[in-house]
There are 2 protein chains.
Amino acid sequence: MTKHTHDVSDLTKNQALVMNALSSANGPLSAYTILDELREHGFRAPLQVYRALDKLVEFGLVHRLESLNAFVACRHPSCEGESKEAVLFTICEKCGNVQELISESVVKSLKGLAEEIEFSLKESVIELRGICTDCKAA
Amino acid sequence: MTKHTHDVSDLTKNQALVMNALSSANGPLSAYTILDELREHGFRAPLQVYRALDKLVEFGLVHRLESLNAFVACRHPSCEGESKEAVLFTICEKCGNVQELISESVVKSLKGLAEEIEFSLKESVIELRGICTDCKAA
DNA sequence: ACAAATATGTAATAGTATTACAATAACAAT
DNA sequence: ATTGTTATTGTAATACTATTACATATTTGT
Ligand SMILES: [Zn+2]
Ligand SMILES: [Zn+2]
Ligand SMILES: [Zn+2]
Ligand SMILES: [Zn+2]
């Protein structure tokens with residue numbers, strides 16, 4: 001039986017390297033950017049990155065941004081388990097800044113909708129595109 | 001000044017061909033699937049498809065499904081203009097069925113959230129993954 | 001020690017999207 | 001009609017993203 005919580009000490013070598021690359025980045029990274037950063041640590045092929053990413057996403061430590069084809073370290077205390085239905089991102093189209101949030105009100109309306117149309121919701125992809133506060137000011 | 005409404009009669013030859021391919025499909029198609037279908041009509045290169053898709057998406061006649069890397073004809077009377085903030089999709093992970101919806105309640109909570117965090121929302125990507133009614137029954 | 005399961009290495013390939021440049025067609029204004 | 005302008009199309013090459021297939025190594029449980 002797999003454990004239901006995960007921290008860095010649970011990770012394999014490659015997973016830890018990828019996790020570290022994402023954690024120390026100030027925003028989302030593409031798989032190939034991660035690969036390039038980890039070549040000095042022995043990475044040679046995309047699959048090494050993709051395999052690690054698969055696991056990290058499964059563990060809830062990393063999120064995939066579908067509209068960017070990129071990955072970002074989770075900034076929440078716990079996005080594991082059920083909260084995959086809930087997490088959402090804002091993406092600034094000017095500066096690229098990405099913010100991770102959970103909105104109870106959004107979750108509620110989505111679950112209500114799903115129930116209404118009898119759709120068995122497993123996971124929500126919610127990516128809000130626009131201009132962030134900082135860029136509006138400037 | 002560009003017109004604010006678009007129907008098939010406004011479209012260029014390539015745009016019309018791509019629109020027709022998507023309209024007659026019963027679900028989303030990838031750009032390369034469209035290309036293959038249109039080879040018999042003279043299409044030779046991906047760019048012919050992507051250029052048409054760009055315009056069709058801009059017109060609101062076609063939506064891009066980010067989590068599928070695919071495109072689908074709009075099934076709504078009018079998804080043009082402001083409603084890009086509002087449209088959402090359910091995607092059945094079993095049968096691949098895609099449904100396009102607008103939920104006032106979801107729109108409202110998203111706009112409320114955006115206002116709260118002072119994010120200037122231009123467009124929402126909302127793709128709900130799960131199991132559709134038909135597949136639950138079976 | 002042994003078997004089973006998990007993780008890793010490597011190469012090849014498949015799938016998605018854009019850049020660059022040339023040619024053509026559509027359109028408006030002389 | 002001719003010119004200048006813009007939008008559209010054609011084509012090739014390239015870049016970016018992700019998976020399949022197969023071999024090897026490591027970890028885990030007994
Ligand atoms: Zn998270
Ligand atoms: Zn910004
Ligand atoms: Zn629509
Ligand atoms: Zn289904």
Side-chain angles (χ1 to χ4, degrees), chain A residues 1-3 6 8-22 25 27-59 61-72 91 93 96 125 127, chain B residues 1-3 6 8-22 25 27-59 61-72 91 93 96 125 127:
Chain A
M1 193 54 181
T2 316
K3 274 190 291 182
H6 297 271
V8 182
S9 60
D10 292 322
L11 302 178
T12 67
K13 191 185 65 158
N14 286 1
Q15 288 161 16
L17 284 166
V18 170
M19 189 67 217
N20 187 58
L22 282 171
L29 300 178
S30 79
Y32 278 76
T33 301
I34 295 171
L35 173 58
D36 285 340
E37 286 192 12
L38 294 181
R39 282 192 196 281
E40 50 187 318
H41 295 289
F43 273 43
R44 312 286 307 271
L47 197 49
Q48 295 176 292
V49 177
Y50 283 109
R51 283 201 278 228
L53 285 171
D54 281 351
K55 288 295 184 182
L56 294 170
V57 169
E58 184 187 323
F59 297 160
L61 296 173
V62 166
H63 299 288
R64 168 147 216 259
L65 295 167
E66 299 289 346
S67 66
L68 293 177
N69 289 340
F71 301 84
V72 67
I91 301 173
E93 291 180 333
V125 173
E127 301 176 12
Chain B
M1 194 56 183
T2 316
K3 273 190 291 181
H6 298 271
V8 183
S9 60
D10 292 321
L11 302 178
T12 66
K13 191 186 65 158
N14 287 1
Q15 288 163 15
L17 284 165
V18 170
M19 190 66 218
N20 186 59
L22 283 171
L29 300 178
S30 80
Y32 278 75
T33 301
I34 295 170
L35 174 57
D36 285 339
E37 286 192 12
L38 294 181
R39 281 191 196 282
E40 50 187 319
H41 295 289
F43 273 44
R44 313 284 307 271
L47 197 49
Q48 295 175 293
V49 176
Y50 282 110
R51 283 202 277 228
L53 286 171
D54 281 352
K55 288 294 184 182
L56 294 171
V57 168
E58 184 186 324
F59 298 160
L61 296 173
V62 165
H63 299 289
R64 168 147 215 261
L65 295 167
E66 299 289 347
S67 67
L68 294 177
N69 289 340
F71 301 83
V72 67
I91 301 173
E93 291 180 333
V125 173
E127 301 177 11

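A note on names: the letters A, B, ... follow the listed sequences, proteins ahead of strands, and every chain is numbered from 1.
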Distance in angstrom units between Ile34(B) CD1 and dT16(C) C1', rounded: 12 Å
Taking atom C1' of dT16(C) as reference, at what distance in whole Å does atom CG of Leu68(B) sit? 13 Å
Donor/acceptor link under 3.5 angstrom from Tyr32(A) side chain onto base of dA18(D): yes
Closest non-hydrogen atom pair between Gly27(A) and Val72(A), with its separation: C-CG2, 4.3 Å
Roughly how many Å is it from CG in Leu11(A) to P in dT8(C), rounded to a whole number? 10 Å
Tell me the closest heavy-atom pair linking Leu61(B) and Met19(B), and the distance in Å. O-CE, 3.5 Å
Which listed nucleotide (dA18(D), dT19(D), dT16(C)) is nearest to the side chain of Leu47(A)? dT19(D)
In whole angstrom, give the distance that lies between atom CD of Gln48(A) and atom P of dA18(D). 16 Å
From CG of Leu53(B) over to P of dT9(D), roughly how many Å is that when rounded to an integer? 13 Å
Identify the heavy atoms of Ala52(B) and Asn14(B) that sit nearest to each other, and give their distance. CB-O, 4.0 Å
Could you check Asn14(B) against Asn69(B) and say which one's nearest nucleotide on DNA chain D is further toward the 5' end? Asn14(B)
Between dA12(C) atom C1' and Arg44(A) atom CZ, what is the distance in whole Å? 15 Å
Output the rounded distance in Å from OH (Tyr50(B)) to P (dT14(D)). 19 Å
From the options dT16(C), dT10(C), dT8(C), select the nucleotide whose nearest atom is closest to the side chain of Thr12(A). dT8(C)
Can you figure out which of dA7(C), dG9(C), dT18(C) approaches the side chain of Lys13(A) most closely? dG9(C)
If you check the Gln15(A) side chain, which of dT18(C), dA7(C), dT16(C) turns out closest? dA7(C)
Which pair of non-hydrogen atoms, one from Phe43(B) and one from Leu17(B), has the smallest distance, and what is that distance? CE1-CD1, 3.6 Å
Would you tell me if any nitrogen or oxygen in the side chain of Lys55(A) comes within less than 4.0 Å of OP1 or OP2 on dA7(C)? yes
I want to check one thing: is the phosphate of dG15(C), taken as OP1 and OP2, less than 4.0 Å away from some side-chain N or O of Ser30(B)? no
Take atom CZ of Arg51(B) and atom P of dT24(C), then tell me their distance rounded to the nearest Å. 15 Å
Output yes when Arg39(B) and Asp36(B) qualify as a salt bridge under the 4.0 Å nitrogen-oxygen rule, no when they do not. yes
